[in-house]
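Chain A is the first sequence line, chain B the second, and so forth, proteins listed ahead of strands; every chain is numbered from 1.
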There are 2 protein chains.
Amino acid sequence: MNSQAEPLCEEPHSHRRDTRKPGVDEAALGRAAELFAALGDPPRLRLLALLAQGPACVSDLAEDEQEGMSTISQRLKVLRSASLVRRRRQGKHVIYALADQHVVDLVFNALAHASEAQVVGESKE
Amino acid sequence: MNSQAEPLCEEPHSHRRDTRKPGVDEAALGRAAELFAALGDPPRLRLLALLAQGPACVSDLAEDEQEGMSTISQRLKVLRSASLVRRRRQGKHVIYALADQHVVDLVFNALAHASEAQVVGESKE
DNA sequence: TCATCATTTCAATAATCGTTCAACCAATGA
DNA sequence: TCATTGGTTGAACGATTATTGAAATGATGA
């Protein structure tokens, strides 16, 4: 798995002493990663942006997105298992909404931050 | 692409009138999604958590993670193209660090939030 | 009960993503 | 200049993931 042999850094370089903390909580890290991963897909994030305008049922979302209900349902499933959205039944319909204010803020902040930040000398490196 | 025919919702249901705003800025949404996607992988997020403790060169990160340098370098590449980390040369070494305080906060908040939130009646549904 | 509408699940396919090794590039010191 | 060390890149492979239509589930009203 590790390709290079032992003698990597016998002599310490100028930066960094070995003050690394033992380990980050792996379980928490996994949950955080799952949450980010759910957000990290344009179609799913668009769905959240849509829901940030208010609750909606699957068929309405499907129409808004011009996609099949199956597709939307699958996307919502991912968002739901990351606890980003909640659902309730209303007659024949299932209404989805952002899980809480925390998620609302997260979505708005992400979009706001991504709306600035370009053009301003951020060309390539 | 869309499987069902026209007559989906001729009669409006009780919820939601068609007050949807025309469209979210697709470019911003794409950048936000790319950022989240970069964060949405445990090994990459662990790397950021490591860098949250201070800058480090690739070989040190590789040793900490017990992985090959190539692997670490590829992960850093993803983080870098999402503007999450910056790099500078120091002699033979390339030192990576979190891009700015904003990213530091993001990482800490994500881990903090993911550290709570379980066990508290959040079993499955 | 049956028929219908809204939604979910299943399974297959396609597309994307992460890891790895080998080759390559960059900086240093002899 | 060459040899060495640190880092990156490219390509191939395996593993995940998203999408889709078809079949199954749930709720409603006749």
[options]: which one has an atom nearest the side-chain heavy atoms of [X]?
X	options	result
B/Thr71	D/dT19, C/dT20, D/dG7	C/dT20
A/Tyr96	C/dA6, C/dT8, D/dT20	C/dT8
B/Pro43	D/dG6, C/dT19, C/dT8	C/dT19
B/Val58	C/dT7, D/dG7, D/dT20	D/dG7

Item to check | hbond_proxy A/Ser70 side chain to D/dG21 base (donor-acceptor, 3.5 Å cutoff) | outcome: yes

Round to the nearest Å and state the distance from [X] atom [atom1] to [N] atom [atom2].
X	N	atom1	atom2	value
B/Lys92	C/dC25	NZ	P	19 Å
A/Arg44	D/dT17	CZ	P	9 Å
A/Leu79	D/dT17	CG	P	14 Å
B/Ile72	C/dT20	CD1	P	10 Å
B/Leu45	C/dG18	CG	C1'	16 Å
A/Lys77	C/dT7	NZ	C1'	12 Å
A/Leu47	D/dT19	CG	P	10 Å
A/Gln74	C/dT13	CD	C1'	14 Å

Expected output: side-chain [X] to main-chain [Y] donor-acceptor under 3.5 Å:
X	Y	answer
B/Asp100	B/Val103	yes
B/Arg44	B/Ala38	yes
A/Thr71	A/Glu67	no

Checklist entry - Does A/Leu45 share a hydrophobic cluster with A/Val78, counting links as ILVMFWY side-chain heavy atoms below 4.5 Å and allowing steps through other members? => result no

Any [X] side-chain nitrogen or oxygen under 4.0 Å from OP1 or OP2 of [N]:
X	N	value
A/His93	C/dC5	no
A/Arg75	D/dT19	yes
B/Arg87	D/dT8	yes

Checklist entry - Run the side-chain contact (heavy atoms from CB on, under 4.5 Å) check on A/Leu84 and A/Leu98 step by step: do they pass? => result CA-CA 6 Å; A/Leu84 286 164; A/Leu98 298 191; over 6 Å; no

Checklist entry - If you pin A/Arg89 and A/Asp41 to their nearest nucleotides in DNA chain D, which one's is more 5'? => result A/Asp41

